[in-house]
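Accompanying notes for the structure given below.
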Amino acid sequence: MRGDNMSSPHFPIPKTLPVLVVFDGVLLPGSTIRIPITSVKNINLVHSRLTFSSRLASTIIAIVTKEPDKKGQVNKLHSIGTAGVVVQITGTSLPRPRYTLLVTGLCRVHIDSVVQEHPYPVALVSQLNSPTTQVQDYAQLVGLMREFKEAAQKLIDLLDIPSSEGQKLKDLVSRVPEEQLADLVASLVRATLPERLQILDAVDVPTRVKITLPLLLRHIQKLKEVGEANVDEDNKRVGVRVLQRGGRSLPPSHPIPMEKGQNEMAELEARLKAANMPPEANKVAVKELGRLKRMNPLVPEYPMLRSYLDLLADLPWDITAPETCNITRARQHLDTDHYGLEKVKRRVLEYLAVRQLRGDLKGPILCFVGPPGVGKTSVARSIGTTLGRPYHRISLGGVSDQHDIRGHRRTYIGAMPGRVIQALRTVKVKNPVLLLDEIDKLGSGMQGDPAAALLEVLDPAQNSSFTDTYVNLPFDLSQVLFVATANSLSTIPTPLLDRMEIIPVPGYTQEEKVMIGHLHLLPKQLQEHGLTPEILSMSTETIAIIIGEYTREAGVRTLERKIGAVCRAVAVQVAEALSSQDDVEATSEIKGAGEISGKGKDGVETTSEEQITAKQQQQGSVRHERIPYESDDDDDDDEDENDEDEEEEERGRNPSAAAAATVSLSNFSLSSLRQHLELPIVVEKKMIQDVLGPPIFLSGLAGRVSVPGVAVGLAWTPVGGEVMVVEATCTPGDSGLTLTGQLGSVMKESAKIALSWVRQHAPMLDLEPDFMRDEEIHLHFPAGAISKDGPSAGVTILTVLVSLLSNRCVRPDVAMTGEITLNGVVLPVGGIKEKLLAAHRAGLSTVILPSANKKDLADVPDSVMSEVEVVLVDSVEQVLQAAFDGTFPEVSSDATRTKTLSSKL
Ligand SMILES: Nc1ncnc2c1ncn2[C@@H]1O[C@H](COP(=O)(O)OP(=O)(O)OP(=O)(O)O)[C@@H](O)[C@H]1O
C-alpha cells in the first residue's frame, strides 16, 4: 500500500513526529477536527511541544488512532496516521490541564516504529502519498470521479444547511484536487470508526474513492428515507459541521447545536456593527471580516481570524455601566461589611467623595497594603458594590510573562489577549472596578517584565489608548477603576509604586479580632453551614480562646477557618439528631403498618420480625435519600484539601453529614429538633479541644526566657508582626561568633556590631577583656527555614549576648526592637504597630522601643497601649536597664542551663 512514487509535489514531513493518540476518531488529510485532550501523555505532548510560543508551521504532529481489538478493548496504535498541524488550543492549565485542540490533517504517514514512549510517544514515520495513476486506469478513474462528485453534490443538497453554505461547499467539491476529494467528502459522511480507518488506509486515490463512494451513497439513501422534513439528529449534526466549521468535520462526540437558518457571517457582521467601535477599530474589523468571508474555511488561519473577530465584537467599546455613587450609602456598605478599619474606610470615602464632586473618572490608583486576611480584597470589592459597577479580580500572583498582561501576537498558537482585555470581555462594560490582586507577587522571567506592561495599563497618560498585542488596536482603559492589593511594598517596582496611592491595612488587635469573629465571621459561617444562632451559640470568650490558642496571624483568615470547623462539627450533631428523628418517624410508620395489619397499638414492644425488616428498609431508604447530598459536598472537600493546616478539621467532622444537615434543616422545624438536642449548642473550651485538637499555640514565653542567653525580639514580616525568641550558647572553641537561622547580611552585621559593643564595654559588664579567647558563641534565630534580614534585631542580639555572658536572665515579659550603632545609640526601625500587636498577642507586657519611634505609637490601638508598657530608649544602656529590670539579677541556682563562663565572671 505504501506509495513510493510521488504523484504530485508535497511538503516534506519530518521523519520523527510526536504522536497524539486519539481513541474515537480519525483525522483525514484536509479536514479539521477538535480533539479533547484528557490522557496524561497527550497533556505532556501539549505542554512540551505545543504551548511554548511555537510557530504554526513548526508544530507538526502525528495523529494516530488507537483502535479497538475484536473484543472492543483499545489496545494498539493503528499503523497509519495523519500528520497534522494544530491550529488552535483552547482550555486551561489550572487547576487541572484541560485542552481541546483544533487540528488540520496534512497527509498520511506510516508509523514505522515508536522510538519513545515517555513523557509522550514519538514515532519514526514515512510520508505516504498516492502512487501515480497508470494510464490504463485513467479512463476508469475519470468516470469514477464524475460519479463520486455527483453523489457528493447530491449529499450536500440533502444536508440541512443554509443554501449559501451549501453552494460554497459544492464549489469546494468541484474545485478540490482529486486526491483530496474523497477525504473531504468522507469528513461529511456518517461512518463508523473501522470504516474511517479503512478510508485512511487507502493510500491510492482510486481505492479511496471506491471505499468512500458506498458510504456516501448509503448516507444519501438514509437522508432520503427520513425525508427533508424529518432530518434526524445525526444528520443535523453533519449539517452543523458544515455550517459551523465550513466543511470541516467534528467528532461525533462533540456536536454543536444547530442554529437553523442563521447565517454565521451575517450574525458576526451584525455583532461587530452593534459593538459601536471607534472608527479605527471599525475599519480593521470590516477589513478582517471581508478577509474571513473570502477565506477558504479549511485553511488553519480561519478559526484564528474568527476568534479574533468574535473578541472584537464582544469587547465593550461603547458600553458604560451607570455609576451610582452615594457617599452615605457607601459609608453604610463599608460599615456593614467591615468592622474597624476606620482609617482605611475614611480614605476610601474621601476618594469616592472627590470623584463624585469632580465628576470625572480619573484619580489615583488605590493600593491596599497589609498582611494576609485583613480585609484588603474585601474592601476593594465593597468599592465596586458601592459604585454599582461590575467588579472583577485579576490575580497577579506568580505572573511572570508580560504577555499575560499585554496579550500574545495573533500569529502564535493558542494566542490569547492579555488579562485586562479578557476581564473587560467578561464584565462587558468599559468602566468596571478591576482589582489587581497581589501586585507585589508579580514575577519577572524570560518572557519580559509584566510590571512594565502594567505601567502602561495604570498610567492615566497612556491608558486611554492601551494596545493589547493580540487585539492590536487601541482600547480606552481610562474609565476603568483600578484597585490593587499587596502584602508588602518592598517587591513592588518603584515606577509602579509611583502610580499608586498606598493605603496601609494593618493587622488586628485581639479585641478587634474577637469583634470581627463575633459580628462577621460567625454569622457568615453559620449561614454557610445551614445553621442559625438558635442552634449554635459561641460567646466572645470562646472566640478569644480560638484566637489565642489556635491562631497566630495578623488577619482573621485562620480564625474564619477554625470557626468553620466548629460549625461543621455542630452540623454533624444536628445531622445525627435528624437521622434519629427519621428513625423515630420510621418506627411510628411501622406502628401504623402494624395497625393496618391488625396488630396491637403497642406495636413497639411487640415488634415482629417483619416490622424490624420494614424498619431497616425504612432506615435504608433514609440513608439512600441522602446520597445526593453527600456527593454535592465534594466541592467542600476540595476546598478543604487546599487548607494547609487543617488536619484538626478532619477530626470529628463529617462534611457529608454537615451538608445533609444543611439541607435537612430546611425541612425540619426547630421545635422538632429540640426534642432530640438541647438547643442552642453552646460551644465551649472542651468542645473546641474536641474539634480543633489540643491548643497549637500556648500563650506565654516565660518558659523559654527563663535561662540566660535568651531574649524576645520583635520582627516585621509581610504577614504581620512576629515575636522571635533569640537564643545564644557559649562553648569552648575558637571560631568566634556563629550565626544560624538563615540571616541576611544586614542582620549578620548587627550581630558583629553588638559583639563589638560588648567587647568595648566588657569592664562595665563585669567581663574580662579577652572573654572570648577560649570560647565561641552560637547565636540562633528560630524558624530557621525562613530567611531573615534587617537591622531591627540589633538590641535583641545585644541583650542576648549580655545575658549569656553575664549569666543573667532577661525579664520574661519583655520584647524589644531597635537598630544599634557601634557607639550604643539605638536608632528607629519600621513596623512598630505590627510589632506591638504581635507582642500583645503573645501576652508580653513590656516593649522596648527606640525613642525616635514615639511618633508611630499614635497608630497603635488604645486597647493595646493600655495593656502594654512601652519603654522608649536612646541608648543600649537604657535597653539593658529595662531588659534586666535595672538590676541585672543573678540567675537562680536551679537554672536549667550550664554556664561555661560563669567561673570567669
Ligand atoms: N474588618 C473586617 N470585618 C469583617 N470581615 C473581615 C474584616 N477583615 C477581614 N475580614 C474577612 O476575612 C476574610 C479574609 O479577608 P480578605 O480576603 O479580604 O483578606 P486579604 O487582606 O485580601 O488577604 P490576602 O492578602 O491573603 O488576599 C474575608 O472573609 C473577610 O470578609
Side-chain angles (χ1 to χ4, degrees), residues 330-349 366-386 391-399 433-442 482-492 500 502-529 538 540 543 546-547 550-567 639 642-646 716-721 833-834 837 861 863:
R331 190 189 297 273
Q332 280 167 1
H333 252 133
L334 287 169
D335 283 342
T336 324
D337 292 350
H338 304 96
Y339 176 85
L341 294 175
E342 296 310 333
K343 268 192 177 174
V344 177
K345 287 184 201 165
R346 198 182 326 134
R347 182 63 196 96
V348 168
L349 287 173
L366 299 183
C367 177
F368 299 102
V369 181
V374 290
K376 302 181 296 293
T377 312
S378 172
V379 170
R381 193 180 304 120
S382 285
I383 296 179
T385 327
T386 303
Y391 159 91
H392 187 91
R393 175 172 159 268
I394 301 177
S395 178
L396 296 175
V399 169
V433 175
L434 291 190
L435 172 67
L436 303 172
D437 212 7
E438 303 194 323
I439 201 164
D440 57 327
K441 309 276 181 340
L442 276 178
F482 289 103
V483 184
T485 74
N487 289 139
S488 156
L489 291 180
S490 60
T491 48
I492 305 180
M500 298 190 291
I502 305 302
I503 302 184
V505 189
Y508 295 116
T509 61
Q510 173 92 357
E511 288 70 23
E512 283 172 331
K513 285 186 190 174
V514 170
M515 290 317 288
I516 293 171
H518 181 64
L519 297 175
H520 294 271
L521 307 181
L522 180 61
K524 192 165 140 193
Q525 289 301 319
L526 285 178
Q527 196 188 0
E528 272 178 23
H529 291 85
M538 197 187 286
T540 48
I543 295 177
I546 299 181
I547 296 169
Y550 296 89
T551 72
R552 271 291 178 277
E553 55 173 354
V556 290
R557 192 167 280 133
T558 312
L559 173 64
E560 188 171 7
R561 282 208 298 261
K562 303 286 170 188
I563 293 178
V566 174
C567 289
E639 268 173 32
N642 295 334
D643 295 344
E644 318 97 30
D645 58 342
E646 294 307 289
W716 180 90
T717 70
V719 295
K833 179 179 176 186
E834 301 294 343
L837 293 186
S863 58

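Counting convention: from 1, in listed order, for ligands and their atoms alike. Below, each value reflects all heavy atoms present in this structure, side chains not excepted, and no hydrogens, waters or symmetry copies.
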Among protein heavy atoms, which sits nearest to [atom], and what does the distance come to when rounded to 0.1 Å?
atom: atom 29 (O) of ligand 1; answer: Lys524 NZ, 2.6 Å
atom: atom 10 (N) of ligand 1; answer: Val556 CG2, 3.8 Å
atom: atom 23 (O) of ligand 1; answer: Gly373 N, 2.8 Å
atom: atom 13 (C) of ligand 1; answer: Glu560 OE1, 3.5 Å
atom: atom 7 (C) of ligand 1; answer: Tyr508 OH, 3.5 Å
atom: atom 5 (N) of ligand 1; answer: Ile516 CG2, 3.8 Å
atom: atom 3 (N) of ligand 1; answer: Tyr339 N, 3.0 Å

Proximity to ligand 1 by part of [X], non-hydrogen separation under 4.0 Å:
X: Asp337; answer: backbone
X: Lys376; answer: both
X: Glu438; answer: neither

May I ask you to decide if [Y]'s main-chain N or O and [X]'s side chain share a donor-acceptor pair within less than 3.5 Å?
X: Lys376; Y: Pro504; answer: no
X: Asp440; Y: Asn487; answer: yes
X: Tyr508; Y: Val374; answer: yes
X: Ser488; Y: Ser490; answer: yes
X: Ser395; Y: Asp437; answer: no

Is the shortest N/O to N/O distance between [X] and ligand 1 below 3.5 Å?
X: Thr377; result: yes
X: Arg557; result: yes
X: Val374; result: yes
X: Leu341; result: no
X: Gly370; result: no

State the [atom1]-[atom2] distance between [X] and [Y], to the nearest 0.5 angstrom.
X: Leu366; Y: Ile503; atom1: CG; atom2: CD1; result: 4.5 Å
X: His338; Y: His520; atom1: NE2; atom2: NE2; result: 8.0 Å
X: Glu528; Y: Lys524; atom1: CD; atom2: NZ; result: 6.5 Å

Item to check | Among Leu559, Thr558, Ile563, side-chain contact (heavy atoms from CB on, under 4.5 Å) partner for Arg561 | outcome: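 The passing option is Thr558.
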
At less than 4.0 angstrom from any non-hydrogen atom of [X], what atoms of ligand 1 do you find?
X: Pro372; result: 23 (O), 24 (P), 25 (O), 26 (O)
X: Gly375; result: 8 (N), 9 (C), 15 (O), 16 (P), 18 (O), 19 (O), 20 (P), 21 (O)
X: Asn487; result: 25 (O)
X: Ser378; result: 18 (O), 31 (O)

Next on the checklist: Restricting to side-chain hydrogen bond (donor to acceptor under 3.5 Å, both in side chains), what partner residues turn up for Ser382, sequence neighbours left out?
Outcome noted: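 Per chain and number, Ser382 pairs via side-chain hydrogen bond (donor to acceptor under 3.5 Å, both in side chains) with Asp337.
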
Next on the checklist: Looking at every non-hydrogen atom in both residues, tell me the closest pair between Lys441 and Gly397 and how far apart they are.
Outcome noted: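 Closest approach of Lys441 to Gly397: CB-CA, 3.6 Å.
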
Item to check | Minimum heavy-atom distance between Pro506 and Glu834, given as atom pair plus value | outcome: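 Heavy atoms of Pro506 and Glu834 come nearest at CA-OE2, 3.3 Å.
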
